[in-house]
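Report on the structure given below.
Predicted model only: the values in this text are computed from it and were never measured. The basis for the numbers below is simple: all heavy atoms, side chains too, and nothing from hydrogens, waters or symmetry mates. Numbers restart at 1 for each chain; the letters A, B, ... are given by sequence-line order, proteins then strands.
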Amino acid sequence: MDIPKQYDPKQAEQHHYERWERNGYFAPEINKNAQAPVFSIVIPPPNVTGSLHMGHALQHTLMDVMTRHKRMCGFRTLWLPGMDHAGISTQLMVSRALKKEGKSRHDLGREKFVERVWQWKHESGGQITVQMRREGASVDWSREKFTMNEDLSRVVREVFVRLYDEGMIYRGNRIVNWCPQDQTVLSDLEVDKLPQAGKLYYLQYPIKNSDRRVTVATTRPETMLGDTAVAVNPNDDRYRDLVGQTVLLPLTDREIPIVADEYVDPEFGTGAVKITPAHDPNDYEMGLRHDLPQVVVIDPHAKMTADAGPGFLGLDRYKAREKVVEEFEALGLLEKVVDYEFSISKCERCKTVIEPLISLQWFMKMDQLRDLALDLMAREQKPRFVPETYKKVYTDWLENLRDWTISRQLWWGHQIPAWYTPQGDVFVARSKEEARAKAGTNELTQDPDVLDTWFSSWLWPFSTLGWPNETDDLKTFYPTSVLVTARDIIFLWVSRMVMAGLKFVGKEPFADVFITGTILDSQGQIMSKTKMNGVDPIDAFDKFGVDATRLTLAQVGSTDTRWNEKQVESYRNFANKIWNAARFCLLNSEGAEVKPEILETSGALHDRWIVSRLNHTARDLNTAIDNYEFHQAVQLLYHFFWDDFCDWYIELAKADVTAEQESASRTEARTRLLTVLEQALRLLHPFMPYITEELWQRLPGDKQLHEAYAGAEPTVMLTAFPEGKADLIDEAAEAEMQAIIELISRVRNIRSEMNIKPTERIPVIIASPDRNHPVFAAAREQISRLVRASEVSIQQHLEAPRASARAVLAGGTELAVPLEGLIDFEQERRRLQREQEKLQAEAAKLEAQLGNPNFVSRAPAERVNEVRARIADIAQQSSQLQQTVENLQ
RNA sequence: GCCCGCUUAGCUCAGUGGUAGAGCACUCGCUUCACACGCGAGGGGUCAGUAGUUCGAAUCUACUAGCGGGCACCA
């Protein structure tokens with residue numbers, strides 16, 4: 001058998017995925033057990049424009065670990081993949097491509113443009129689906145969905161019509177966030193509020209029939225052209241007499257009132273506020289309260305309108321600002337300008353400064369939906385957030401929820417299913433035909449706007465399963481088991497899915513929500529395109545392998561973590577360790593094969609021990625994965641495989657396994673070794689799918705699949721995940737092995753401290769009066785081998801030459817290594833005294849504890865007894881050690 | 001302004017009431033017949049600070065400091 005010394009991840013990553021996918025292993029139909037429990041996840045659909053980043057890789061790893069684990073546990077599993085049409089991003093991307101050809105989308109017209117987007121999607125969209133295959137994501141591609149496909153679009157229209165008919169969707173003129181660059185409205189959640197160093201301008205407005213002026217402070221002087229009032233606080237004595245008076249608005253011929261409103265903070269600025277209802281959300285509200293006119297002075301391109309006055313018409317908003325300030329200065333009405341830091345709203349996508357504008361848009365009332373979600377949390381504590389802290393984030397946001405602006409002035413997206421007659425009457429319907437029937441005319445024009453991208457995403461958990469039809473998939477897989485996502489879309493997506501699920505299916509869309517942490521760069525900064533500090537997961541795959549990267553990501557869990565390449569490297573080394581352990585097993589496998597039954601039969605101590613450790617690990621691993629304790633899960637695997645299996649079991653079994661002569665015992669040793677390895681590969685598989693499959697395929701024997709997958713072509717993917725059988729956990733064997741491990745470690749420690757050459761063999765004398773005596777006796781050959789002893793003598797009472805290095809172990813076992821001529825008595829005495837001091841220090845602590853009457857009376861008796869037992873053990877070791885030191889004199 | 005999270009070994013992070021852990025880095029020794037991406041042996045932390053609860057606190061409570069994030073913003 002020819003097996004390279006180094007594991008080559010790329011080689012293993014090349015062919016297994018294609019086979020898994022082709023054989024239908026990812027589809028729930030592979031499970032032939034009609035009674036199988038169900039596990040389902042819908043993927044957070046990545047943008048069709050997107051390519052894989054660390055956040056995806058993290059989420060996908062966790063989802064894949066859970067899916068593969070549950071699949072191996074015999075669940076009917078579905079991990080449903082898909083993509084989001086990503087309205088603005090996609091439209092921008094295609095528009096940019098057109099621009100290179102010197103064209104705009106308007107040159108093409110709507111229909112041609114949308115065709116062009118589809119063409120782009122077919123040719124170069126969905127890069128991420130290729131990358132997900134590289135990740136090893138075991139998603140069911142046969143059920144892949146895209147939010148703009150006809151089936152999902154139909155769901156969008158269905159939901160829109162139902163909500164409209166219930167009066168929850170309405171169209172109205174309101175102040176909204178407008179992006180002058182993208183020429184569309186945005187929801188509050190698509191707007192970033194960023195701190196900005198700016199100026200605060202103090203403008204003086206003359207009062208009619210008076211010499212007085214009132215000074216207002218503003219960060220946006222250009223909006224004064226649209227002022228329709230000045231407001232002061234009703235309790236502000238400075239301005240009490242001005243309320244009801246009239247201001248002569250400079251640069252215009254308009255006269256505007258001074259009104260009183262509690263909203264005004266007397267402490268800020270001058271205590272008098274200019275009111276521009278058409279261009280500021282707060283002023284808009286105040287305008288409604290005081291029935292003020294709305295004068296629109298800024299248009300959708302952020303240029304000044306005719307109402308701004310002839311001198312301003314067509315000016316950009318910032319040019320207009322300069323000009324207003326200049327003119328105020330010329331008029332002697334500019335009181336002062338001070339530096340001022342405030343926050344500014346920018347478009348999440350293009351970073352253009354948002355212009356608040358009054359605009360005719362579609363909105364959704366959220367009250368009823370919000371109450372559904374809040375009631376579910378109050379009543380049933382669902383969904384369960386992990387970590388729990390996000391529950392508060394979720395409910396706090398819901399409690400302050402406002403209407404959702406759902407229309408967008410884009411071409412790429414779900415066109416709003418509303419049609420208008422020439423008279424302007426609106427008919428909302430599932431199709432043009434239905435609208436015609438409702439309207440009684442064919443002369444209909446569809447609303448040109450499309451819906452917010454999240455309007456399709458919020459339906460994702462059930463639209464992908466066939467709703468509104470009562471499909472088998474919907475019945476089987478809804479509600480899904482868990483949603484895995486990052487915290488930044490708890491509002492945008494998670495909460496809305498809960499509301500939609502409750503409203504339309506009558507059940508929550510998922511039981512649990514697992515919120516992942518964020519992978520930061522090595523400096524602790526968030527990775528972003530603009531900062532150019534992102535680490536490409538594909539680069540990590542290429543450099544260290546997919547499996548090593550997955551382990552690194554899996555152990556991140558839900559706290560933010562800096563990307564640490566050293567960590568990936570150490571898991572690359574772990575993969576190599578697995579490879580070489582398997583290599584050893586395979587190189588010594590002649591005459592043997594995997595045989596699970598052998599683990600049920602009792603063998604030597606180290607055999608019973610590894611079976612116990614295996615089951616122990618399996619039990620803890622199952623618990624860890626079920627509780628989303630992925631870090632714990634990775635640690636369990638790492639230490640079981642490296643420490644228990646490689647460092648101890650292989651070494652203890654080595655003599656038997658590598659025996660030159662064929663024998664029944666050699667075959668048995670080899671069979672046990674191969675079988676334990678096979679079980680270990682199963683445990684590792686959800687985390688490290690490629691290396692485990694690669695090695696598993698090479699193991700000899702008729703390897704069994706989980707009974708639910710009987711008849712499938714063999715793959716480790718479909719074997720039964722070790723459950724951790726209680727009757728195979730052998731605490732006595734673990735304790736006995738622990739004694740042997742400690743013994744060997746102490747001898748090695750002596751060798752190291754005494755500078756004994758590794759090649760030099762030494763005699764070892766063990767005195768073990770207690771029950772460990774037969775344990776050591778039975779393991780004599782193994783001990784001898786692992787400490788490189790010339791002979792191991794096991795006695796009742798220690799009889800060793802004076803010139804020996806010694807140690808006293810827990811339980812009173814004594815150890816001597818005769819070192820005639822090599823030992824420095826003074827040095828040895830000091831070494832033993834250091835040991836003695838350590839024991840004394842520990843004893844002193846424990847004695848103090850026992851000396852506290854409150855501890856004895858209030859601590860659990862079990863705990864008190866533990867302390868007493870430990871003290872007794874220390875006392876024994878200590879006195880033996882003392883004797884040893886005295887004998888050296 | 002309000003809310004949340006974090007602060008543990010040089011670095012990156014686990015650990016949620018009972019004697020401080022891992023990986024990497026570091027020191028010493030090893031071409032020991034699976035693996036130098038390795039083997040063996042070590043050193044290293046008053047768990048951010050203060051006060052409290054408790055027989056007992058890295059772990060629970062309060063406050064403080066620093067860092068990070070979210071929400072709301074006063075023009």
Side-chain angles (χ1 to χ4, degrees), chain A residues 3 5-7 193 200-201 216-220 223 231 263-276 280 282-283 286 340 342-343 387 389-390 392-393 396-397 400 487-488 490-491 517-518 520 522 524-526 544 548 552 555-567 569-588 629 631-632 634-635 638-639 646-647 650-651 654 658 744-745 748-753 755-759 785-788 841-842 845-846 849 852-860 862-864 866-867 870:
Chain A
I3 305 170
K5 281 191 177 188
Q6 262 194 17
Y7 171 53
K193 299 209 171 143
L200 192 57
Y201 302 86
V216 295
T218 180
T219 55
R220 300 197 60 193
T223 62
Y263 162 81
V264 180
D265 176 5
E267 305 294 317
F268 188 87
T270 62
V273 191
K274 58 186 280 307
I275 303 300
T276 322
D280 180 278
N282 293 311
D283 293 6
M286 206 183 308
Y340 182 64
F342 60 106
S343 67
T389 181
Y390 291 106
K392 185 173 162 55
V393 175
D396 283 357
W397 184 76
N400 297 304
R487 62 173 159 266
D488 56 347
I490 292 176
F491 306 146
T518 307
L520 308 168
S522 58
Q525 300 292 309
I526 287 173
F544 300 110
T552 309
Q555 59 140 33
V556 162
S558 36
T559 46
D560 295 356
T561 305
R562 297 173 187 216
W563 179 253
N564 181 359
E565 201 175 89
K566 282 283 178 193
Q567 185 67 260
E569 190 181 324
S570 89
Y571 286 127
R572 187 272 316 262
N573 296 350
F574 180 51
N576 195 54
K577 187 76 182 176
I578 296 169
W579 181 261
N580 277 290
R583 180 168 181 265
F584 172 79
C585 298
L586 289 169
L587 290 174
N588 296 286
E629 291 161 350
H631 186 279
Q632 171 68 6
V634 172
Q635 294 303 309
Y638 187 92
H639 293 294
C646 293
D647 287 351
I650 289 183
E651 294 305 330
K654 204 170 237 176
T658 59
I744 292 171
S745 297
R748 286 170 168 174
N749 173 261
I750 288 170
R751 290 189 66 117
S752 189
E753 295 213 1
N755 293 316
I756 297 164
K757 287 199 169 58
T759 46
R785 183 185 166 93
L786 295 188
V787 302
R788 312 200 121 238
E842 191 187 340
K845 258 193 201 171
L846 296 173
Q849 219 176 354
N852 181 346
N854 285 329
F855 172 70
V856 181
S857 61
R858 298 194 192 180
E862 193 185 340
R863 178 71 204 152
V864 177
E866 271 175 40
V867 171
R870 181 65 190 144

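Remark: A:Val856 engages A:Leu850, A:Arg868 in a side-chain contact (heavy atoms from CB on, under 4.5 Å) (not counting sequence neighbours). Residues forming a salt bridge (Lys or Arg N to Asp or Glu O under 4.0 Å) with A:Lys654 (at least two apart in sequence, or on another chain): A:Glu651. Remark: A:Asn588 pairs with A:Phe584, A:Val657, A:Thr658, A:Arg670 by the side-chain contact (heavy atoms from CB on, under 4.5 Å) rule, at least two apart or across chains. For A:Gln635, the side-chain contact (heavy atoms from CB on, under 4.5 Å) criterion is met by A:Gln555, A:Tyr571, A:His631, A:His639, not counting sequence neighbours. Considering only residues two or more places apart in sequence or on other chains, A:Tyr201 meets the side-chain contact (heavy atoms from CB on, under 4.5 Å) condition with A:Lys199, A:Leu203, A:Thr218, A:Pro221, A:Arg321, A:Val325, A:Val337. When the salt bridge (Lys or Arg N to Asp or Glu O under 4.0 Å) test is applied to A:Arg572, the partners found at least two apart in sequence or on another chain are A:Glu569. Taking the salt bridge (Lys or Arg N to Asp or Glu O under 4.0 Å) definition, one finds that A:Glu753 meets it with nothing, sequence neighbours left out. For A:Ser570, the side chain to side chain donor-acceptor pair (under 3.5 Å) partners two or more places apart in sequence, or in a different chain, are A:Gln567. Partners of A:Lys392 under the salt bridge (Lys or Arg N to Asp or Glu O under 4.0 Å) rule, at least two apart in sequence or in another chain, are A:Asp396.
When distances run from any side-chain atom of A:Asn580 to the nucleotides B:C35, B:C37, B:C4, the shortest one goes to B:C35. Set against B:A75, B:G69, B:A34, the side chain of A:Phe342 has B:A75 as its closest nucleotide. For A:Arg748, whose side chain is taken as the heavy atoms from C-beta onward, the closest listed nucleotide among B:A41, B:G69, B:A75 is B:A41. When each of B:A75, B:C3, B:A34 is scored by its nearest atom to the side-chain atoms of A:Lys577, the top-ranked nucleotide is B:A34. Of the candidate nucleotides B:C71, B:A34, B:C3, B:A34 has the atom nearest to the side chain of A:Lys654. Among the nucleotides B:G69, B:U32, B:A41, the one closest to the side chain of A:Ile526 is B:G69.
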inquiry  = Show me the dot-bracket string of RNA chain B, counting Watson-Crick or G-U pairs under 3.5 Å, with | for pairs to another strand and [ ] for crossing ones.
reply    = ((((((((.[[[[.)..(..]]]].(((((.......))))).....[[[[[..)....]]]]])))))))....

task = Go along nucleotides 13-25 of chain B 5' to 3' and tag each nucleotide: B for a protein heavy atom under 4.0 Å from its base, S when only backbone or sugar atoms are that close, - otherwise.
result = SS---BB--SSS-

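No contact: A:Asn755 has no heavy atom under 4.0 Å from any strand.
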Identify all pairs in which a protein N or O lies below 3.5 Å from an N or O of nucleotides 42-48 of chain B, and state each distance.
| unit_1 | atom_1 | unit_2 | atom_2 | d |
| --- | --- | --- | --- | --- |
| B:G42 | OP1 | A:Asn749 | ND2 | 2.4 |

request  = Take A:Leu520 and A:Ile526, measure what side chain to side chain contact (heavy atoms under 4.5 Å, CB included) needs, and give me the verdict at the end.
outcome  = CA-CA 5 Å; A:Leu520 308 168; A:Ile526 287 173; 3.7 Å; yes

